[in-house]
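Working notes, beginning with the structure itself.
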Protein chains: 2
Amino acid sequence: MFQALADPNRRQMVQRLCEGPASVSELAAPLAMTLSAVVQHLSVLEGAGLVRTQKIGRVRTCQLDTQALRAAERWISERRALWERRFDRLGAFLAEQDQDVKQGDEP
Amino acid sequence: MFQALADPNRRQMVQRLCEGPASVSELAAPLAMTLSAVVQHLSVLEGAGLVRTQKIGRVRTCQLDTQALRAAERWISERRALWERRFDRLGAFLAEQDQDVKQGDEP
DNA sequence: AGGTTGGTGAAGCATGCGCTTAAGTATCGT
DNA sequence: ACGATACTTAAGCGCATGCTTCACCAACCT
């Protein structure tokens, strides 16, 4: 999942897909590389559950699947919240200590 | 940044650092690999701005830096929002078409 | 002082990743 | 029917990554 988003080209593809569904060649157009390479990137994104595709006739249409994005977002925000809560507790602890100092040790 | 989070071991290190600062060897303890390898992972995380470290005496203490995490979270949530807004517009468009059909074409 | 602990740095190796070329296949337009 | 289009698949190549080992240094402990 993060692996899939690690590559800049893949992120650009995701970016493009934000603005609506696209065929493989549309996706490839702005990406100085072979169609083959794009398909390989695409299959990584698909494997990570980031995009869903369906083939109609000879053209494969791709669109974003936000569920995976949501999962990644949650992972990050959970860790961040965890750390920031800890940070706040530390702040509170320091403030408390500060008060203790002002009032003298164990009065 | 995503590159840095792509590796499971690195994610585990981040996970560990959520629960508070740690020395390099504390970080290494649960991670079936050499200290050397851990330091290398650490420098990747540090390069991505995910952790800050300072060395006191001979022990390097590491802690999370949430700014990078926040940036990643924002990137994801922006794309997701973009896509979901588009999706809603599509829904509205379809609903509108549906109405048009019920009322007959171009009345 | 001398051993132990905690970390550093360089070199080397195996695997994986991103990409290309090349040779298909299936569908579409005329 | 025939060529163009839109992929698909497989093989191969070079470079990055993840890891190890080994030698080393700087605190710390006693």
Side-chain angles (χ1 to χ4, degrees), chain A residues 1-17 19-65 68-69 72 75-76 79, chain B residues 1-17 19-65 68-69 72 75-76 79:
Chain A
M1 170 63 254
F2 283 110
Q3 187 64 267
L5 287 177
D7 185 88
N9 289 315
R10 245 138 37 201
R11 278 201 302 274
Q12 201 178 331
M13 287 167 76
V14 167
Q15 170 75 32
R16 166 64 249 272
L17 285 176
E19 280 138 36
S23 72
V24 177
S25 11
E26 277 169 351
L27 226 44
L31 281 184
M33 66 171 107
T34 324
L35 207 96
S36 234
V38 173
V39 172
Q40 285 167 52
H41 280 307
L42 194 55
S43 80
V44 172
L45 289 172
E46 205 170 356
L50 279 162
V51 309
R52 273 172 306 125
T53 75
Q54 57 177 340
K55 193 162 186 177
I56 297 174
R58 64 185 165 171
V59 26
R60 160 160 261 112
T61 325
C62 318
Q63 42 170 23
L64 227 57
D65 183 353
L69 275 184
W75 190 92
I76 295 181
R79 319 293 136 181
Chain B
M1 170 63 256
F2 284 110
Q3 187 64 269
L5 287 177
D7 184 87
N9 289 316
R10 247 142 32 204
R11 277 200 304 272
Q12 201 177 330
M13 289 168 74
V14 168
Q15 171 75 33
R16 167 63 248 273
L17 285 176
E19 279 138 36
S23 71
V24 177
S25 11
E26 278 170 349
L27 226 44
L31 281 184
M33 66 172 111
T34 324
L35 209 101
S36 234
V38 172
V39 173
Q40 285 168 52
H41 280 306
L42 192 55
S43 79
V44 172
L45 289 172
E46 205 170 356
L50 279 162
V51 309
R52 273 172 306 125
T53 75
Q54 56 178 340
K55 194 163 186 178
I56 298 176
R58 63 183 167 173
V59 29
R60 171 171 304 278
T61 326
C62 319
Q63 42 171 16
L64 226 58
D65 183 354
L69 276 184
W75 190 91
I76 294 179
R79 319 295 134 177

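Chain letters run A, B, ... following the sequence lines, proteins first and then strands; every chain starts at 1.
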Establish whether the base of D/dT20 is bridged to the side chain of B/Gln40 by a donor-acceptor pair shorter than 3.5 Å.
-> yes

Establish whether the base of D/dT21 is bridged to the side chain of B/Ser36 by a donor-acceptor pair shorter than 3.5 Å.
-> yes

Tell me: CG of B/Asn9 to P of C/dG16, nearest whole Å?
-> 15 Å

Filtered N/O pairs between nucleotides 25-30 of chain D and protein, under 3.5 Å:
from   : atom 1 : to      : atom 2 : distance (Å)
D/dA27 : N3     : B/Arg58 : NH1    : 2.8

Smallest heavy-atom separation, B/Ala22 atom then B/Arg16 atom, equals CB-NH1, 3.3 Å

Could you give the NZ-to-P distance, from A/Lys55 to D/dT8, as a whole number of Å?
-> 4 Å

Please report, rounded to the nearest Å, how far the P atom of D/dT21 is from the CE atom of B/Met33.
-> 13 Å

Check whether any side-chain N or O of B/Thr34 sits under 4.0 Å from OP1 or OP2 of D/dC19, and answer yes or no.
-> no

Interatomic distance, B/Asp7 CG vs D/dC19 C1' [rounded to whole Å] = 11 Å

Test side-chain contact (heavy atoms from CB on, under 4.5 Å) on B/Asp7 and B/Gln12 and set out the steps.
-> CA-CA 9 Å; B/Asp7 184 87; B/Gln12 201 177 330; over 6 Å; no

So, is B/Ser23 close to the C/dG6 phosphate, meaning a side-chain N or O under 4.0 Å from OP1 or OP2?
-> no

At their closest point, which heavy atom of A/Leu50 faces which heavy atom of A/Ala4, and how far apart are they?
-> CD1-CB, 3.9 Å

Output yes when a side-chain donor or acceptor of A/Arg11 lies under 3.5 Å from a complementary backbone atom of A/Leu5, and no otherwise.
-> yes

Heavy-atom distance under 4.5 Å between the side chains of A/Trp75 and B/Val14, does that happen here?
-> yes

Give the nucleotide from the list C/dC19, C/dT21, C/dT8 with an atom nearest to the side chain of B/Arg60.
-> C/dT8

Please, which pairs that meet side chain to side chain donor-acceptor pair (under 3.5 Å) have at least one residue in residues 36-51 of chain B, sequence neighbours excluded?
-> B/Arg10-B/His41, B/Glu46-B/Thr53

For B/Leu42 and for A/Val38, find the nucleotide of DNA chain C with the closest heavy atom, then tell me which residue's nucleotide is more 5'.
-> B/Leu42

DNA chain C: 5'-proximal contact among A/Ala32 and B/Val24 (nearest heavy atom) = B/Val24

B/Gln3 has an atom CD; how far is it from atom C1' of C/dG18, in whole Å?
-> 12 Å

Length of the CZ-P vector between B/Phe2 and D/dT17, whole Å = 17 Å

In a check of side-chain contact (heavy atoms from CB on, under 4.5 Å) between A/Val51 and each of A/Leu42, A/Leu27, A/Asp65, which one passes?
-> A/Leu42

Roughly how many Å is it from NE2 in B/His41 to P in D/dT17, rounded to a whole number?
-> 12 Å

Take the protein atom CG of B/Leu35 and the nucleotide atom P of D/dC19, then report the distance between them rounded to whole Å.
-> 13 Å

